[in-house]
Amino acid sequence: MTGTYGPFMETLGVWLVCFFTLAVFSFLYRDNPIYKAVEHIYVGVAAGYYFYQAFRGTIYPNFVLHIHRGFQAMAEGKMDGYLAQWRWGAAVLGLLLLSRLIPKLGWLSRWPMALVVGSFAALNLTGFAKANFIDQVAGTMLPLASAMSGPEALPFWPGAKAAAPSILNNAVLVVGVVTVLTYFFFSTRRAGLLGAMGNVGIWFVMITFGATYGSIVLARISLLIGRATTLLDVNLPKYGYPAYFCALLVVGCILVWRLKFFKGEQER
Amino acid sequence: MNGSQQDISTGWERWLERFVALDRRWIFLVLGSVVVLFLVVPVSMPVTVSEQVRAMYETIEALPPGARVHLSIDYGPGSEAELWPQHIAILRQLLEKDCKVICSSLWTDGPPMIEKAFTVVVGQLEREGKKKVRGVDYVNLGFKAGDRVAIAKIGSSFKGAFPTDYQGNPTANLPIMQGWDTYRDIDLLITIAVGDPGAVEYIQQAQSRYGMRMVAGVTAVISPQLYPYYQSRNLLGFVGGLAGAAEYEKLVGRPGYATRGMFIQSAVHILIVGLVLAGNAAQFWLWWLRRRKGARV
């Protein structure tokens, strides 16, 4: 809590944080009405919030305000005011996207959609080609010894210095790229040298999957630590120990539901 | 196999079957208990700074006073646990170095995170006697829809993409926005991002297009995707997840929330590795017992 609200709103916020967090955690026991209710509230609030932010951040400043200022400039006889009116065209294209809601006029949405897809594809293509292809190819062309001269120069390569960790890293990277590309080379039967390289490649792929899975575990545990930290940090006497009371409330509600309303047969 | 040997084997088998079919809720309970235990009883552990985190710190440290930095906050409260510590550490470092911080977001829930971070960091600096003024030293331009298209638009004209800031002030009138308008005038691009649109999209649409200097702070899930871009120097450095944030906190000399979470993270990881090993060992043992029994019957 950053303290930008009054004490009542701050306390209410803290209680809501505790209740909603524990209600969502109750899903770990099993699907239950408390979780369901909180899930529906979240979806509703999020939809309203996203709509508001989209209007406030894009439609209002980029269209409403622009057109309004355009009219003011037109009234003063300035050319800028007339130029501002081209945004009506963008607004009409935006509205045409909604024509899908009327089946007979649904085809009209294809025009703005074509514009979106075309511009998106063109932007993606140029950005992707540079960052994900050209730069990556260049990034793989690595020296296996750094070009330096001096007393530490390698005896078999005059003018090169042995930088063991970086040489090893570079070698692993180059071998990894080449063998993984070989593994995904489907134009010929993988046998002999190609087969051996492909087998090495699959090991690189598996290690990558393992590292990615490890990162996902790291991230999920971080989220758990985050929620637990919040619950403990706001569980203060000045707020009336919200975490304890909300935990009791959630557990109590689940107990009542389990004993009174839960139909095991139906759920199975 | 005599009778007593068979009994022992059946006993082990029954025990292993129960272990393999353990209700996962017991695992949740143990994990939750470990987290709460070490939050209540904090234990510190040494943090080793990795190369990419140090590179990011040094890139920001090398900025001259008055440098313009575009800080794109592309996450919401759902990722606060991982990204908030990075956000605070980086923002404070930038403002301490007297950089001009221009914040925006490609996520609808980003602008309130920007506001919250400004409230915290500007408040801290004010208490230390360093006054920072909104619209002069920092600005929140708010949310912009459009994903990659929005990045391209921001790059070609900040004032065109954001006619007003988050408070509704015309950006053209703000002192911080005077005398520049495109990515060519920005000294460093930083994104603190949770997914798409985020770091990869900024690399493709801003860094590679304008040849900008760029660093990123991301969640642990995203960080493996960024190593190739770090290798190819598209990214000059990056911070990944809570562990990266703890390393960054060590570099800026202000241990905080991320450092506090490191021992818990390590304890839970040891527990998970132990459970994975135990589960696999039990499965193999069970398989071996059944195979042996099947062969003898």
Side-chain angles (χ1 to χ4, degrees), chain A residues 2-4 25 28-30 46 49-54 56-62 65-66 69 116 119-120 123-124 126-132 134-140 142 169 173 177 208 211-212 214-233, chain B residues 25 28-29 31-32 35-36 39-40 78-82 84 105 108-109 111 116 119-120 123 142-149 152 161-164 166 168 200-201 203-205 207-209 219-224 228-229 231-234 240-243 257 260-261 264-265 268-269 272:
Chain A
T2 53
T4 50
F25 277 168
L28 296 175
Y29 166 63
R30 63 164 60 220
Y49 176 76
Y50 289 165
F51 178 79
Y52 165 73
Q53 283 292 352
R56 176 181 170 167
T58 305
I59 297 171
Y60 178 72
N62 289 88
L65 200 62
H66 205 81
R69 285 183 188 150
V116 170
S119 55
F120 207 84
L123 270 173
N124 238 1
T126 48
F128 194 89
K130 172 76 167 61
N132 287 37
I134 296 170
D135 290 350
Q136 295 310 314
V137 171
T140 315
L142 297 164
N169 286 348
L173 197 128
V177 169
T208 308
T212 307
S215 295
I216 292 169
V217 172
L218 184 80
R220 299 297 175 252
I221 297 304
S222 301
L223 297 183
L224 175 63
I225 294 170
R227 291 329 294 160
T229 306
T230 305
L231 285 177
L232 288 177
D233 284 354
Chain B
R25 285 175 291 192
F28 297 152
L29 190 66
L31 281 178
V35 169
V36 173
L39 272 176
V40 176
S79 312
E80 195 176 356
E82 279 193 278
W84 176 253
S105 180
T108 47
D109 34 9
K116 192 174 156 184
T119 308
V120 170
F143 161 72
K144 182 55 56 193
D147 207 301
R148 291 157 176 81
V149 183
F162 300 100
T164 58
Y166 191 58
V200 173
E201 288 68 34
I203 290 168
Q204 290 171 355
Q205 296 304 328
Q207 192 282 325
S208 68
R209 192 177 292 263
T219 56
V221 176
I222 303 290
S223 60
Y229 298 112
Q231 166 71 27
S232 59
R233 308 300 292 159
N234 294 95
L242 197 64
Y257 163 80
R260 183 182 167 194
I264 308 169
Q265 189 107 47
V268 172
H269 284 189
I272 290 172

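This one's a predicted model, so the numbers in the text were calculated from it and none came from an experiment. Quick note: numbers below take in every heavy atom, side chains included, and nothing from hydrogens, waters or symmetry partners. Reminder, nothing fancy here: chain letters follow the sequence lines and each chain counts from 1.
Annotation: side chain of A:Thr229 is in contact with side chain of B:Leu39 (closest heavy-atom distance under 4.5 Å).
Within 6.0 Å of OH in A:Tyr29 there are more than 12 heavy atoms belonging to other residues, nucleotides or ligands. Other residues, nucleotides and ligands place more than 12 heavy atoms under 6.0 Å from the OH atom of A:Tyr49. Residue-environment remark: CZ (A:Phe25) exceeds the threshold of 12 foreign heavy atoms within 6.0 Å.
Top candidate by heavy-atom pairs under 4.5 Å with chain A, chosen from B:Thr219, B:Ile222, B:Val36, B:Asp109, is B:Asp109. The most heavy-atom pairs under 4.5 Å with chain B, out of A:Asn62, A:Ile216, A:Leu232, come from A:Asn62. With respect to chain B, the highest number of heavy-atom pairs below 4.5 Å among A:Ser222, A:Gly139, A:Gly57 belongs to A:Ser222. Ranked by non-hydrogen atom pairs under 4.5 Å with chain A, the options B:Gly32, B:Ala81, B:Pro111 are led by B:Ala81. Looking only at heavy-atom pairs under 4.5 Å with chain B, the residue among A:Ala138, A:Gly214, A:Ala131 that has the most is A:Ala131. Of the listed residues (A:Leu224, A:Val116, A:Leu218), the one with the most heavy-atom contacts under 4.5 Å to chain B is A:Leu218.
Closest non-hydrogen pair, A:Ala219 versus B:Val221, comes out as CB-CG2, 3.4 Å. Of all heavy-atom pairs between B:Ala145 and A:Thr58, the closest is N-OG1, 3.4 Å. When every heavy atom of A:Asp135 is checked against every heavy atom of B:Ser208, the shortest pair comes out as OD2-CB, 4.4 Å. Minimum heavy-atom separation, B:Gln204 to A:Asn124: OE1-OD1, 3.9 Å. Nearest heavy-atom pair, A:Leu123 versus B:Ala152, reported as atom, atom and distance to 0.1 Å: CD2-CB, 3.7 Å. Pairing each heavy atom of A:Ser215 with each of B:Pro224, the nearest pair is OG-CG, 3.4 Å.
When heavy atoms are compared at a cutoff of 4.5 Å, B:Val149 approaches chain A by way of both its backbone and its side chain. Contacts between B:Phe28 and chain A at a heavy-atom distance below 4.5 Å involve the side chain alone, from C-beta outward. Contact annotation for B:Asp147: only side-chain heavy atoms (C-beta onward) come within less than 4.5 Å of a heavy atom of chain A. Residue A:Thr208: no heavy atom, backbone or side chain, is found under 4.5 Å from chain B. With a threshold of 4.5 angstrom between heavy atoms, B:Arg148 approaches chain A through its backbone and through its side chain. Neither the backbone nor the side chain of A:Leu231 comes within contact range of chain B; no heavy atom of the residue lies under 4.5 Å from a heavy atom of that chain. Residue contact with chain B, scored on non-hydrogen atoms closer than 4.5 Å, involves the backbone and the side chain of A:Ile221 alike. Only the side chain of B:Ile272 comes within less than 4.5 Å of a heavy atom of chain A; its backbone N, CA, C and O stay farther away. Using a 4.5 Å cut-off between heavy atoms, B:Phe162 does not touch chain A at all.
Residues passing the salt bridge (Lys or Arg N to Asp or Glu O under 4.0 Å) test with B:Arg260 are A:Asp233, sequence neighbours excluded.
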### Query
When you look at B:Asn234 and A:Gln136, which way does the side-chain contact (heavy atoms from CB on, under 4.5 Å) test go after all the steps?
CA-CA 9 Å; B:Asn234 294 95; A:Gln136 295 310 314; 3.8 Å; yes
### Query
Run the side-chain contact (heavy atoms from CB on, under 4.5 Å) check on A:Arg56 and B:Tyr166 step by step: do they pass?
CA-CA 9 Å; A:Arg56 176 181 170 167; B:Tyr166 191 58; 3.6 Å; yes
### Task
Decide yes or no on side-chain contact (heavy atoms from CB on, under 4.5 Å) for B:Val268 and A:Ile225, but give the supporting numbers first.
CA-CA 10 Å; B:Val268 172; A:Ile225 294 170; 5.8 Å; no
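Atom CD in B:Gln205 sits 12.5 Å away from atom NZ in A:Lys130 (nearest 0.5 Å). Rounded to the nearest 0.5 angstrom, A:Asn132 CG and B:Ser232 OG are separated by 8.5 Å.
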